[in-house]
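Quick notes on the structure that follows.
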Amino acid sequence: MTRSFFPPARSGRDGLRTCALFLSSSALLAACTTFDPTRAITDAEEMASSQIGAAADIDISAQREHLLTEPLSSEAAVAMALAGNPVIDLALAGLGMTAADAFTASRLANPQLSLSRLSGSGNERSVALGLDFADLLLRPARSSLAQEELEVARLETAAIMIDLARDTEQAWLRHVAAEQTAALFAALAEVADTAAELAISLHRAGNLSDLELARKKAAAAEAKTQAARSGAATAATRRDLNRLMGLSGDDAGRWQTPDRLPLPDGDEPGLNDLLSRSRDDRLDLAAGRLQVSMLESGRDLEQRWRWLGTVEIDYEWERKRDGSRLRGPGLVLELPLFRQGQHRTLRAEAAVIRATAELALRELEVEHHVRSGHAELAALREILGTYENVIVPQRAEAVARELERYNFMLIGAFDLIAAREQEYRSYADFIAAMRDYWLARAELAHAVGGPLPRIATRPAPDLEGVTAPIDDMNHGHHDHHDHHDHHDHHDHHDHDGHHDHHDHGDQQGDAP
């Protein structure tokens, strides 16, 4: 329920002076506001840069051509994404809208001027200038809340940039590993194809059974299929990285990555340090705490002014039909008879409780994320060390020993090829272990809220020798085939009377 009344003014000039003083004071208060919303985007970018690291300092406009022609590092890929991915523009546009709202909240509402003219037996004219007095009273508090809301938006926008950097780094890691793996599986397909060609030759000579020929052909076809799948996976990882970097057209096909991932060579940070950093550095946690503080301030404001409804102050000039004139200030006041703002205070209190619970839940998730990420990284580091120090060198040693046995005619070509295939697959698993380790490290950095301390690295073992064609190996004695073929020939013509001879051949092939 509202009521408007215009008490008679003792002096129109005094009333006009009072109203003008009031309006000018209000304008002065609004003009004194130092809030600068244009800083919002710059502040968000600075927040993100401090946690993204070196990639945020790369000037894409000046180095774009160079980055597209040189091997693309993970930092360069992140810089390309920050400069070219439209999701950043969307986030900054949303931040700009929030800044506009905050700017509006920091200013008084404009005075309202109303004019009326009534005609009949005479003319009546009135002019009124009004100002929302409640807005004047609540402007400082509302401005403070709006700036806190803008700060939350800044933190959220910076978090979007950091998420994009994390996703781009991980996509880069997957692509480099996919290219390495594709090269290995292509070499593995060549080995299987060599075995199939040898099997065809032996089968034509009558020294290989139909069953063994079918096995070798099927193995070669499966290896080719695996190589094709690996090539398709590489194309998919390239597509994903291009999408994150915002590249299309010719630029999407120009860049290349290094030929292999590095190996870690240093100690990882401790768990307690990581947990402490996550509590201090996570922007989403900072935004959550600020959100709770902002809602608590809003709740206190609602409780303090819950009786205050609509309050408008105006000044009206009116000329009557008889030529007389009236002027004076006016007041529009909402009387809190039926509602005293209880619904606003209840909603404000509920909002505080919900935001507090969401923050506690997020803090719990972050802690467990850091703990599990640290444990996973330690396990993957151990697995990677096992591949590097045990599995890969032992597979290479096994091939060398099998080659010696082959040269002494103790095993056949297929045994040597099988050892070579196992060596290739161990290298493929080694690459996967490197990829998984670096992906886990990037994920742990995201859980902590900033880059982990730089760790020393060293080049991974050169895999060129492993991917060399099978006929580069020093086994070029074709009469060795006859030795292996002899066993296969007996497999083909096997019957009960020949079991002892076949067993003797197997024992000879397994001799050291």
Output the distance between atom [atom1] ([X]) and atom [atom2] ([Y]), rounded to the nearest 0.5 Å.
| X | Y | atom1 | atom2 | result |
| --- | --- | --- | --- | --- |
| D167 | D240 | CG | CG | 10.5 Å |
| M47 | R154 | CE | CZ | 5.5 Å |
| L444 | R371 | CG | CZ | 12.5 Å |
| L188 | E423 | CG | CD | 11.0 Å |
| T257 | L241 | OG1 | CG | 8.5 Å |
| L283 | I160 | CG | CD1 | 11.0 Å |

Partners of [X] by side chain to side chain donor-acceptor pair (under 3.5 Å), sequence neighbours excluded?
| X | result |
| --- | --- |
| T157 | none |
| R243 | none |
| D251 | R64, R254 |
| T237 | H175 |

Count the heavy atoms belonging to other residues, nucleotides or ligands that lie under 6.0 Å from [atom1] of [X], then report whether that count exceeds 12.
| X | atom1 | answer |
| --- | --- | --- |
| D267 | CG | no |
| D250 | CG | no |
| E404 | CD | yes |
| R454 | CZ | no |

Does a salt bridge link [X] with [Y], judged by any charged N lying under 4.0 Å from a carboxylate O?
| X | Y | result |
| --- | --- | --- |
| R260 | E179 | no |
| E268 | R441 | yes |
| K217 | E197 | no |
| R289 | E363 | yes |
| R166 | E169 | no |

Atom pairs and distances, donor-acceptor, side-chain atoms in residues 69-76, under 3.5 Å, two or more places apart:
residue : atom : partner : partner atom : Å
T69     : OG1  : E65     : O            : 3.1
T69     : OG1  : H66     : O            : 3.1
S73     : OG   : A76     : N            : 3.1

Donor-acceptor under 3.5 Å ([X] side chain, [Y] main chain):
| X | Y | answer |
| --- | --- | --- |
| T356 | V352 | yes |
| N242 | A252 | yes |
| Q180 | L261 | yes |
| R282 | A447 | yes |
| D193 | A189 | no |
| S426 | V392 | no |

Taking all non-hydrogen atoms of both residues into account, name the closest pair between [X] and [Y] and its distance.
| X | Y | value |
| --- | --- | --- |
| L155 | A286 | CD1-C, 3.7 Å |
| A460 | L263 | CA-CD1, 3.8 Å |
| I431 | A177 | CG2-O, 3.7 Å |
| A77 | M245 | O-CG, 3.6 Å |
| L285 | L359 | O-CD1, 3.9 Å |
| P264 | L384 | CD-CD2, 3.6 Å |

Does [X] reach the side chain of [Y], with side-chain heavy atoms less than 4.5 Å apart?
| X | Y | answer |
| --- | --- | --- |
| I52 | I162 | yes |
| T225 | F185 | no |
| D265 | I455 | no |
| D415 | Y406 | no |
| E46 | T42 | yes |
| F414 | R215 | no |
| H446 | D163 | yes |
| Q422 | R425 | no |

Enumerate the ring-ring contact (aromatic ring centres under 6.0 Å, His included) contacts for residues 261-291, please, sequence neighbours excluded, ordered by first and then second residue.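 Passing the test, one end in residues 261-291: no pairs.
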For residues 359-398, which residue pairs pass the ring-ring contact (aromatic ring centres under 6.0 Å, His included) check, not counting sequence neighbours?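 Pairs touching residues 359-398 that pass the test: none.
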Distance to the ring centre below 6.0 angstrom and angle to the axis at most 45 degrees; does that hold for R238 and W255?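 Positive - R238 is close enough to the ring of W255 and near enough to its axis.
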Donor-acceptor list for residues 269-280 side chains, cut-off 3.5 Å, not counting sequence neighbours:
residue : atom : partner : partner atom : Å
R277    : NE   : D281    : OD2          : 3.3
R277    : NH1  : P451    : O            : 3.2
R277    : NH2  : P451    : O            : 3.0
S278    : OG   : L275    : O            : 2.7

What do the steps show when you test I391 against D429 for side chain to side chain contact (heavy atoms under 4.5 Å, CB included), and what is the final call? CA-CA 10 Å; I391 298 177; D429 293 339; over 6 Å; no
Mind checking what makes side-chain contact (heavy atoms from CB on, under 4.5 Å) contact with A219, not counting sequence neighbours?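 Checked A219 against side-chain contact (heavy atoms from CB on, under 4.5 Å); zero matches.
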For E358, which residues count as a side-chain contact (heavy atoms from CB on, under 4.5 Å) partner, sequence neighbours excluded?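 For E358 the side-chain contact (heavy atoms from CB on, under 4.5 Å) partners, ignoring immediate neighbours, are R354.
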Enumerate donor-acceptor pairs with a distance under 3.5 Å from any side-chain N or O in residues 79-94 to protein atoms, sequence neighbours excluded.
residue : atom : partner : partner atom : Å
N85     : OD1  : V87     : N            : 2.9
N85     : ND2  : L244    : O            : 2.8

Listed by chain and number, what are the salt bridge (Lys or Arg N to Asp or Glu O under 4.0 Å) partners of R362, not counting sequence neighbours?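 By the salt bridge (Lys or Arg N to Asp or Glu O under 4.0 Å) rule, R362 matches D284, E365.
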